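Structure first, commentary second.
The shown structure was predicted, so the numbers you read here are calculated from the model rather than taken from an experiment. Order of the sequence lines fixes the chain letters, A, B, ..., with proteins taken first and strands second; residue numbering starts at 1 for each chain. Just so you know, these numbers use all the heavy atoms, side chains as well, and skip hydrogens, waters and symmetry mates.
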Amino acid sequence: MQRKEPTERAEELHELIEDERKKRNTTTAVGDTSTDISIIGTNEIYLRSEIRRGLLPHEIIAKSKPGNHAEENILETAAERNLKIVTIGASRPICLDCEEKIKDLGIETKTKFSGKKSKNRTEKP
Amino acid sequence: MTQDIQNQINTKIQALSLYHQLAFGVMLAERYLPNYFAFHLAENWGNPMVLLNGIDLLKSIIDKRQSDPEELELIDNLIESATPDLEDFPGNPLASLALDASSMIAECFAFVRDQKPRHIELCSATSFSSLEIYLQVHEQMPHDLSAAALDKQLSDNVLIKEEVAYQLGVLADLSPEPTINSKLFIEKTLQAPKVDWAGLGKMVG
């Protein structure tokens with residue numbers, strides 16, 4: 001089956017969250033690997049059930065780590081599984097920290113960059 | 001929590017009168033305020049008074065059977081500013097629970113505006129969603145369970161069973177449309193299942 005472009009798929013999955021505030025204040029991201037596998041990430045500690053119910057057989061869930069954005073959870077899960085992310089997309093603009101990591105790894109994205117660090121994360125050393 | 005049970009709860013919500021639907025939403029939302037307080041204390045962010053004032057305003061709207069559009073806009077903006085963004089608190093379960101608490105109150109106000117029962121149904125779903133987060137962290141469940149496997153584990157859990165019984169019990173008690181007053185809110189809040197939310201922050205670090 002043809003995979004959707006990651007930004008489009010991330011937005012599609014994120015739309016499964018009906019609650020407007022939860023939709024605005026959380027992020028869903030999708031990383032397509034060089035294999036048939038896609039990795040789904042969230043900036044929450046666990047992927048919410050409404051998104052989990054919408055996953056397709058080729059989509060696996062990234063392990064969330066405290067302090068990590070959805071994109072970082074995808075990159076770390078891919079590294080742990082020896083998978084290479086080739087394209088990544090998120091349900092909202094990608095922050096400066098994640099932009100740098102994505103660019104360093106030569107990963108492509110159609111998601112816009114915010115050009116800003118996240119407020120709380122900027123206070124971290 | 002299976003979709004069948006949620007559908008059963010939703011049907012019972014839809015059968016209530018408008019103000020009893022709202023009272024059900026407020027009863028659910030009020031229980032989760034301590035989660036917001038826990039987040040506020042742990043992260044020194046947000047404003048619990050906004051949510052407390054929101055609950056007070058909702059109860060006043062139920063009591064007076066009317067709302068002021070200006071007050072609704074003001075509280076909506078205040079709740080928006082006091083709701084954590086997970087981009088700033090990534091992977092923090094207390095932030096997720098605080099977001100849920102804010103969302104439930106915001107959905108009650110959305111219901112006041114358009115009277116669509118879906119908002120109250122979302123309060124019920126969010127209540128289960130908060131419990132799911134708690135259980136996944138507390139039981140250290142694998143992150144990559146399929147939706148079906150997670151539903152099975154959660155449906156078998158005593159806390160989820162208690163929550164289902166609690167919500168159905170409250171809906172049954174609201175069905176004859178009793179007078180909505182402080183005594184009713186207190187009674188229903190005291191009947192709610194007990195959850196040890198406090199340990200969540202320590203577990204994740």
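With a 4.5 angstrom heavy-atom cutoff, B:Thr126 touches chain A via backbone and side-chain atoms both. Of the two parts of B:Glu107, only the side chain, counted from C-beta on, holds a non-hydrogen atom closer than 4.5 Å to a non-hydrogen atom of chain A.
In this structure, CG in A:Asn25 is found 7.5 Å from OG in B:Ser103, a value given to the nearest 0.5 Å. Expressed to the nearest 0.5 Å, how far CG of A:Asn43 lies from OG of B:Ser96 amounts to 8.0 Å. For the atom pair CG of B:Leu86 and NE2 of A:His69, the computed distance is 9.0 Å after rounding to the nearest 0.5 Å. With rounding to the nearest 0.5 angstrom, the CD atom of B:Gln3 is 9.5 Å from the OG atom of A:Ser49. Between A:Ile61 atom CD1 and B:Leu145 atom CG the span is 7.5 Å, to the nearest 0.5 Å. To the nearest 0.5 Å, atom CD1 of residue A:Ile39 and atom CG of residue B:Asp144 are 11.0 Å apart.
Within the 4.5 Å cutoff, the side chain of B:Met104 has no heavy atoms near those of the A:Asp19 side chain. A:Arg21 is listed as a side-chain neighbour of B:Ile79, based on a closest heavy-atom distance under 4.5 Å. Taking 4.5 Å as the limit, every side-chain heavy atom of A:Ile45 sits out of range of all side-chain heavy atoms of B:His143. In this structure the side chain of B:Pro90 never reaches within 4.5 angstrom of the side chain of A:Asn68, judged on heavy atoms.
More than 12 heavy atoms of other residues, nucleotides or ligands lie within 6.0 Å of CD in B:Gln115, so this atom counts as buried by the packing criterion. More than 12 heavy-atom neighbours from other residues, nucleotides or ligands sit within 6.0 angstrom of CG on B:Asp114. Remark: A:Lys63 NZ is loosely packed, at most 12 non-hydrogen atoms of other residues, nucleotides or ligands lying under 6.0 Å away. For B:Lys12, the NZ atom is loosely surrounded, since the number of other residues' heavy atoms within 6.0 Å does not exceed 12.
The pair B:Asp85-A:Arg24 does not count as a salt bridge, with every side-chain nitrogen at least 4.0 angstrom from each carboxylate oxygen. The pair A:Arg52-B:Asp151 does not meet the salt-bridge criterion, since no charged nitrogen lies less than 4.0 angstrom from a carboxylate oxygen.
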